[in-house]
> 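Quick one: the structure is below, questions incoming.
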Amino acid sequence: MRKRYWIRSGKYGLFLVLLFFGLYGLMRVFGSAVSWEAILSSDRWWKFALAVVGFALVYPFVGYVRRRLTFRASERVEEVERVMGMCGFRRVDPEVHGDNEMVFEAEGVMKRASLMWEDRIVITTDREGASWIEGQRKEAVRAAYRMGTFIA
């Protein structure tokens with residue numbers, strides 16, 4: 001999770017900048033936005049840049065999670081794959097990773113884009129038999145909840 005911190009932070013910062021320019025463009029079309037000269041001549045632009053950098057640096061810490069599952073995932077592989085399929089994810093390279101590490105990616109391009117291509121969810125089982133789910137918070141928590149409902 002920590003290995004991709006700077007990549008995730010950069011993607012989120014870029015997303016915020018694109019969102020700003022998209023909203024600003026819409027406001028210009030409808031005639032309710034101030035001019036660029038007004039923005040650049042005031043102290044608004046550096047406050048915006050500071051907010052983008054701040055949010056981008058914090059997002060990888062709060063946007064990703066590692067949670068313990070209530071069952072041993074390596075013993076219930078088919079059920080885990082079924083539940084992850086219900087969540088919109090498919091298993092990637094099962095012959096490479098084996099049953100102790102299951103890697104899932106979002107199925108559709110639109111879902112992958114909405115997750116900024118940070119759509120991997122990894123379910124691991126350690127030596128002690130504990131299973132963990134790791135990935136983007138919204139999707140990992142949703143999948144863990146469904147697994148607790150349908151499997152455990």
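None of these values were measured; they are calculated from a predicted model.
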> CD of E118 to CZ of R8: how many Å apart, nearest 0.5 Å?
4.5 Å
> Run the ring-centre check on Y12 versus F55 and record whether the distance is less than 6.0 Å.
no
> Could you check whether any side-chain N or O of S131 sits under 3.5 Å from a backbone N or O of A73, counting only pairs where one atom can act as donor and the other as acceptor?
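It does hold such a pair.
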> How close do P60 and S9 get, counting heavy atoms only, and between which atoms?
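Smallest heavy-atom distance, with atoms named: CG-N, 3.8 Å.
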> Does a side-chain heavy-atom distance below 4.5 Å link L57 with W6?
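The answer is yes; the side chains approach within 4.5 Å.
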> So, taking the atom named CD in E105 and the one named CG in D93, what distance separates them when rounded to the nearest 0.5 Å?
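Here the rounded value is 8.5 Å.
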> Hey, are E139 and R142 close enough for a salt bridge, meaning a charged N less than 4.0 Å from a carboxylate O?
yes
> Does the side chain of W117 come within less than 4.5 Å of I7's, by heavy atoms?
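A side-chain contact under 4.5 Å is absent here.
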> Do V103 and R120 have side-chain heavy atoms sitting under 4.5 Å apart?
yes
> Same hydrophobic cluster for L50 and F20, using side-chain heavy-atom links shorter than 4.5 Å among ILVMFWY?
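Yes, L50 and F20 fall within the same hydrophobic cluster.
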> Between S114 (side chain only) and K111 (backbone N and O only), is there a donor and an acceptor less than 3.5 Å apart?
yes
> Check whether more than 12 heavy atoms from other residues, nucleotides or ligands sit under 6.0 Å from atom OH of Y59, and answer yes or no.
yes
> Find out whether V122 and F104 are in side-chain contact, i.e. whether some heavy atom of one side chain is under 4.5 Å from a heavy atom of the other.
no
> Does OH in Y145 sit with more than 12 non-hydrogen atoms of other residues, nucleotides or ligands closer than 6.0 Å?
no
> So that I can tick it off, tell me whether R91 and E81 are bridged by a salt bridge, with the cut-off set at under 4.0 angstrom between side-chain N and carboxylate O.
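Looking at E81 and R91, the cut-off is met.
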> Please give me the minimum heavy-atom distance between L16 and F48, naming the atom from each residue.
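That would be O-CZ, 4.4 Å.
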> Quick one: CG on N100 to CD1 on I123, what's the gap to the nearest 0.5 Å?
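The CG atom of N100 sits 12.5 Å away from the CD1 atom of I123.
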> Backbone N or O of M86 within a donor-acceptor pair of the R146 side chain at under 3.5 Å?
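Flag set: sc R146 to bb M86 pair under 3.5 Å.
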> Can you measure from OG1 (T125) to CZ (R72) and round to the nearest 0.5 angstrom?
7.0 Å
> Start with the C-alpha gap between W132 and L69, add the side-chain angles, then the distance that decides, and say whether side chain to side chain contact (heavy atoms under 4.5 Å, CB included) holds.
CA-CA 6 Å; W132 300 87; L69 297 173; over 6 Å; no
> Which distance, rounded to the nearest 0.5 Å, do you find between the CD of E107 and the CG of D119?
11.0 Å
> In this structure, would M27 and L19 fall into the same cluster of hydrophobic residues linked by side-chain contacts under 4.5 Å?
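Different clusters: M27 never reaches L19 through Ile, Leu, Val, Met, Phe, Trp or Tyr contacts under 4.5 Å.
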> Between Y64 and R137, is there a cation-pi geometry (under 6.0 Å to ring centre, at most 45° from the normal)?
no
> How about K11 and F15: do any of their side-chain heavy atoms sit closer than 4.5 Å?
no
> Between V65 and V62, is there shared hydrophobic-cluster membership here, with clusters defined by ILVMFWY side-chain heavy atoms closer than 4.5 Å?
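Result: no, two separate clusters.
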> Is there a chain of hydrophobic side chains (I, L, V, M, F, W, Y, each step under 4.5 Å between heavy atoms) that links L26 to F21?
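No.
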> Given the rule that I, L, V, M, F, W and Y join up when any side-chain heavy atoms are under 4.5 Å apart, are V53 and L14 in one cluster?
no
> Hey, could you give me the CE/CD1 distance between M102 and I133, rounded to the nearest 0.5 Å?
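Taking CE in M102 and CD1 in I133, the distance rounds to 9.5 Å.
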> Does T124 reach the side chain of E134, with side-chain heavy atoms less than 4.5 Å apart?
no
